[in-house]
Amino acid sequence: MVNAISVLGCTGSIGRQTLSVAEHLGLRVAAMSANRKIDLLEEQVRKFRPQFVAVFDEAAARDFRTAVADLDVRVGVGMEGLMEAATLPEADCVVTAVSGAVGLKPTLAAIDERKRIALANKETLVCAGELVMARAEEKGAEIVPVDSEHSAIFQCLMGRGEGELKKILLTGSGGPFRGRKRAELEHITPEEAVRHPNWSMGAKISVDSATLMNKGLEFIEAMRLFHVAPEDIQVVIHPQSVIHSMVELVDGTVIAQLGVPDMGLPIQLALTWPERKPSPFQRLDFWSLRDLSFSQPDLENFPCLRLAMDCAREGGLASCVMSAANEVAVHSFLAHRLGFNQIYDAAAAAVEALGHAPASDLETILEADLAARAFVKEHF
Ligand code: MG
């Protein structure tokens, strides 16, 4: 179990839940970072008293410094601040809850310091998963997934020997528009897209859940985390979100992890692993469960998932380009500048134009990420 944590992205949905888990576990919060929600950040800082806070946005950092002038806290700015929050000697675990590819560099820096990574930033593994996992292995840093599906798989694999795993059964609710045709999704608004039936999440991941891109990103994340091939992962639509994922073992046994859909559980486990601690979360009540149902994913009407699976099979820069293009397209959709179905169009066009090249090193990956963003801004 860890003693002190650094929370990157502490004002987001996962960040806020991480702080409440830290409070109930009695963990020290040594460092925090946020982008620009400084009112909430100030409230959090006054409560948790970290020694270092990074504010990504420069103007917001100035205001924040003034707001906490009476406190004994150092304030950093931009990527430099984020890097310091990720590597602060006092924290032995870094919770990477920032959204998007901005999480990559700080994650690598924290790995170099051999900190436990409680990984909640899936874009990092999608963009540069092979590199990140190889670095973690080389340095001996633990990576414990916070994403509920990957936490479930991690738990199903606990204590298993090498060669026992046959395949991963990655479950997903199917999102708020499950059952609809692509043509019917044309005029979906951001307000409709962020209303997820089971999970309460940030805007970007909510839209990704609605397009099924989130399941696609998780598909790639699972490949990297558990060192499996694309053909060893099967996506299973399970609308109730009670089973958080499963593994099939070589003898045919299937092990599932079940629980209420609450991110507090995987967050807590990432901080207490290899131990388990009592938690205040709601318990699964089998008498009130509706039927658990399962179906195949609809790749025709939700082509983002198919695109991600294709990118996973292709390797190289394809996944990174897709993820970066998707990130920009989702933000344009949230700002009412792009239609719901165009998110796929933008990601697919970017992969077609820029994704068919090898990902030789970090530099190449970061360049491809920027090129994909520029491509979507120019063409969509
Ligand atoms: Mg998930």
Side-chain angles (χ1 to χ4, degrees), residues 9 12-18 21 95-101 103 107 117-127 129 143-157 168-178 193-226 228 233-247 256-271 273 281 284 292 294 297 302 304-305 308-309 312 319 322-323 326-327 330:
S13 174
I14 297 287
R16 293 194 308 267
Q17 292 176 82
T18 300
V21 170
V95 182
T96 59
V98 294
S99 163
T107 303
I117 310 295
L119 188 90
N121 171 260
K122 61 190 74 173
E123 289 89 347
T124 291
L125 284 189
V126 170
C127 192
I143 296 192
V144 187
V146 167
D147 208 344
S148 62
E149 292 79 0
H150 305 78
S151 176
I153 298 160
F154 185 81
Q155 294 178 61
C156 292
L157 290 174
I168 285 171
L169 298 153
L170 180 69
T171 56
S173 68
F177 308 132
R178 185 176 49 87
V194 298
R195 243 180 273 132
H196 195 279
N198 304 349
W199 297 94
S200 139
M201 307 177 288
K204 197 264 176 182
I205 186 173
S206 295
V207 176
D208 284 345
S209 297
T211 61
L212 291 201
M213 179 58 96
N214 184 53
K215 211 46 58 187
L217 297 173
E218 289 179 349
F219 187 96
I220 301 165
E221 190 185 5
M223 274 173 65
R224 299 302 174 223
L225 274 171
F226 304 108
V228 297
I233 306 174
Q234 186 180 337
V235 175
V236 178
I237 298 301
H238 164 48
Q240 297 83 10
S241 301
V242 169
I243 295 175
H244 298 315
S245 274
M246 305 174 268
V247 298
Q257 188 261 345
L258 286 71
V260 291
D262 185 330
M263 288 306 295
L265 281 164
I267 292 169
Q268 168 160 325
L269 185 72
L271 301 179
W273 176 80
F281 306 113
L284 204 53
L292 301 186
F294 307 93
F302 296 87
C304 283
L305 176 56
M309 289 158 104
S319 302
M322 177 198 73
S323 174
N326 175 66
E327 211 178 305
V330 168

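As the structure lists them, so they are numbered: ligands from 1, and atoms in each ligand from 1. All heavy atoms count here, side chains included; hydrogens, waters and symmetry mates do not.
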Go through the side-chain N and O atoms of Q155 and S151 and say whether any donor and acceptor fall under 3.5 Å apart.
yes
Check for a donor-acceptor pair, side chain of T96 on one end and backbone N or O of A120 on the other, with a separation under 3.5 Å.
yes
Has K215 got a side-chain atom pairing as donor or acceptor with S173's backbone, closer than 3.5 angstrom?
no
For F294, what residues pass the ring-ring contact (aromatic ring centres under 6.0 Å, His included) criterion, not counting sequence neighbours?
H238
Please tell me if the side chains of Q17 and D262 come closer than 4.5 Å, counting only heavy atoms from C-beta onward.
yes
Would you call E327 and K204 a salt bridge, taking side-chain N to carboxylate O under 4.0 Å as the test?
no
The protein N, O or S atoms lying under 2.8 Å from the Mg ion (ligand 1) are D147 OD1, E149 OE1, E218 OE2
